[in-house]
Number of protein chains: 2
Amino acid sequence: MTDAEITTADALAQLSFLVLRTIEQTSAAHGLSPAQARMLGILRDREPLMTELGARLGLDKSSVTGLVDRAERRGLVERFRSAVDGRAIHVRLTPEGRERTARAEADFTAAIARLVSGLSAAEVAQLTRIAGRVVADAP
Amino acid sequence: MTDAEITTADALAQLSFLVLRTIEQTSAAHGLSPAQARMLGILRDREPLMTELGARLGLDKSSVTGLVDRAERRGLVERFRSAVDGRAIHVRLTPEGRERTARAEADFTAAIARLVSGLSAAEVAQLTRIAGRVVADAP
DNA sequence: TATTGTTATACTCTATAACTATA
DNA sequence: TATAGTTATAGAGTATAACAATA
């Protein structure tokens with residue numbers, strides 16, 4: 001009974017703050033904001049329309065315009081017109097953006113490994129599996 | 001082999017975005033920003049100095065000034081001078097702030113319960129225990 | 001008319017640097 | 001001198017509402 005009891009909500013909230021802080025730190029080390037890092041991660045294997053990007057990020061279209069504007073100004077992404085719809089615009093990584101994304105992700109993976117380094121291999125596997133289930137089940 | 005393999009880093013990043021979105025939604029339903037909700041949660045059982053609050057939140061003192069300003073304007077918190085140090089200022093919840101905090105937390109707890117409703121009771125317990133361990137081990 | 005995207009505007013959040021008041 | 005806090009300023013991120021261009 002020396003360990004404090006902790007609710008699921010508390011444990012997940014605190015774990016999330018920890019992971020988000022890790023994302024902030026590794027992003028910042030590569031000159032990226034967390035929002036940009038998240039967008040670049042999505043663009044790693046897609047060239048979505050502005051609207052689709054907004055849907056994936058859960059952001060309003062005007063927010064996506066600003067996010068893409070700032071990333072484009074930094075040479076990380078570029079816009080190009082849809083071949084089939086004159087109104088629609090795709091976004092994709094530039095080579096520079098792709099490199100930065102890869103390096104930031106490698107650092108993030110290493111940081112997460114340090115974060116769970118106090119767990120046994122079996123516990124890490126359980127955590128990964130259960131977290132993956134929650135994410136997959138989510139609406 | 002029908003399930004996609006997922007890395008620990010990916011699973012935790014996605015879970016964290018999911019939890020953060022839940023915090024945003026339940027906060028917004030009570031007229032709070034995520035940053036405010038987090039601050040109010042800290043103030044639930046403390047009356048810290050501005051500096052101590054900043055240390056707990058990991059924020060610069062000027063950021064804390066703004067955060068407390070906006071919360072004070074909404075009647076959620078109040079400042080009061082230290083009895084022992086003429087420079088120092090404590091922050092505490094108002095009765096209104098305490099009520100809002102309690103209601104938002106209850107909603108958040110319910111939302112997290114829905115998030116993990118696809119897991120077995122044993123899995124929820126495992127997730128809670130392991131997440132708690134990671135948080136407790138973190139620097 | 002409906003949809004795609006941008007612009008104008010406003011607010012929150014955050015940091016750095018300069019400042020005031022107290023220790 | 002050093003510390004606690006505020007102010008001035010700047011930039012990112014977000015949303016709502018109004019708009020232009022295309023479907």
Side-chain angles (χ1 to χ4, degrees), chain A residues 17 20-21 23-25 27-42 47-92 100 104, chain B residues 17 20-21 23-25 27-42 47-92 100 104:
Chain A
F17 285 131
L20 290 169
R21 201 202 302 166
I23 290 174
E24 276 171 14
Q25 289 170 345
S27 302
H30 294 272
L32 303 174
S33 69
Q36 303 238 327
R38 195 179 166 207
M39 176 178 69
L40 297 188
I42 289 175
E47 299 186 350
L49 299 178
M50 296 289 284
T51 309
E52 293 168 349
L53 184 54
R56 281 191 185 267
L57 291 166
L59 297 179
D60 185 82
K61 55 191 177 164
S62 64
S63 304
V64 178
T65 295
L67 201 53
V68 172
D69 278 353
R70 290 185 293 273
E72 197 168 31
R73 227 182 290 137
R74 282 163 185 68
L76 302 172
V77 306
E78 57 193 8
R79 289 170 160 98
F80 62 101
R81 307 201 66 87
S82 163
V84 298
D85 186 335
R87 301 167 299 179
I89 294 187
H90 292 269
V91 191
R92 70 177 158 224
R100 291 265 279 282
Chain B
F17 285 131
L20 182 65
R21 201 200 304 165
I23 291 174
E24 277 171 10
Q25 289 170 346
S27 302
H30 295 271
L32 303 173
S33 69
Q36 303 235 328
R38 194 178 167 210
M39 175 177 70
L40 297 188
I42 289 175
E47 299 186 350
L49 299 178
M50 296 290 284
T51 309
E52 293 169 349
L53 183 55
R56 281 190 184 267
L57 291 167
L59 296 179
D60 186 82
K61 55 190 176 165
S62 65
S63 304
V64 179
T65 294
L67 202 53
V68 171
D69 279 352
R70 290 184 293 272
E72 198 168 30
R73 225 181 293 136
R74 282 164 185 67
L76 302 172
V77 306
E78 57 193 7
R79 289 170 160 97
F80 63 100
R81 308 203 64 88
S82 164
V84 298
D85 186 334
R87 300 166 301 177
I89 294 185
H90 292 268
V91 191
R92 70 178 157 223
R100 291 265 278 282

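The model shown is predicted, which means the values in this text are computed figures rather than measured ones.
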Compare the minimum distances between each of C:dT4, C:dA21, D:dA12 and the side chain of A:K61, then state the nucleotide with the smallest one. C:dT4
Under 3.5 Å, is there a donor-acceptor pair between the side chain of A:R56 and the main chain of A:E52? no
Answer yes or no: does a side-chain N or O of B:T65 lie under 4.0 Å from OP1 or OP2 of D:dT6? yes
Any donor-acceptor pair under 3.5 Å from A:H90 side chain to A:E47 backbone: yes
Comparing nearest nucleotides in DNA chain D, the 5'-proximal residue of the pair A:D85, A:P34 is A:P34
Please work out if B:R38 contacts a base, only the sugar-phosphate, or nothing of the nucleic acid, heavy-atom cut-off 4.0 Å. nothing
Rounded off to whole Å, could you give me the CD-to-P distance for the A:Q36 and D:dA12 pair? 8 Å
Going by heavy atoms in the side chains, are A:L32 and A:L76 under 4.5 Å from each other? yes
Distance test, side-chain N/O of B:R79 to OP1/OP2 of D:dT6, below 4.0 Å: yes
Nearest to the side chain of B:I89, heavy atoms from C-beta on, is which of D:dA15, D:dG5, D:dA12? D:dG5
Kindly point out which of C:dG5, D:dA12, D:dT14 is positioned nearest to the side chain of A:T51? C:dG5
Can you tell me the distance, in whole Å, between the CD atom of B:E72 and the C1' atom of D:dG5? 13 Å
Decide yes or no, distance alone: a donor-acceptor N/O pair under 3.5 angstrom between the base of C:dT12 and the side-chain of B:R70. no
Between A:A35 and A:D60, whichever has its closest DNA chain D nucleotide further toward 5' is A:A35
Donor-acceptor contact below 3.5 Å, side chain A:R81 vs main chain A:G86: yes
Identify whether any heavy atom of B:G66 sits under 4.0 Å from a base atom; if not, whether one sits that close to sugar-phosphate; answer base, sugar-phosphate or nothing. nothing
Quick one: is D:dA15 close enough that its OP1 or OP2 comes under 4.0 Å of any side-chain N or O from A:S62? no
Measure CG/B:L59 against C1'/C:dT12 and give the value in whole Å, please. 13 Å
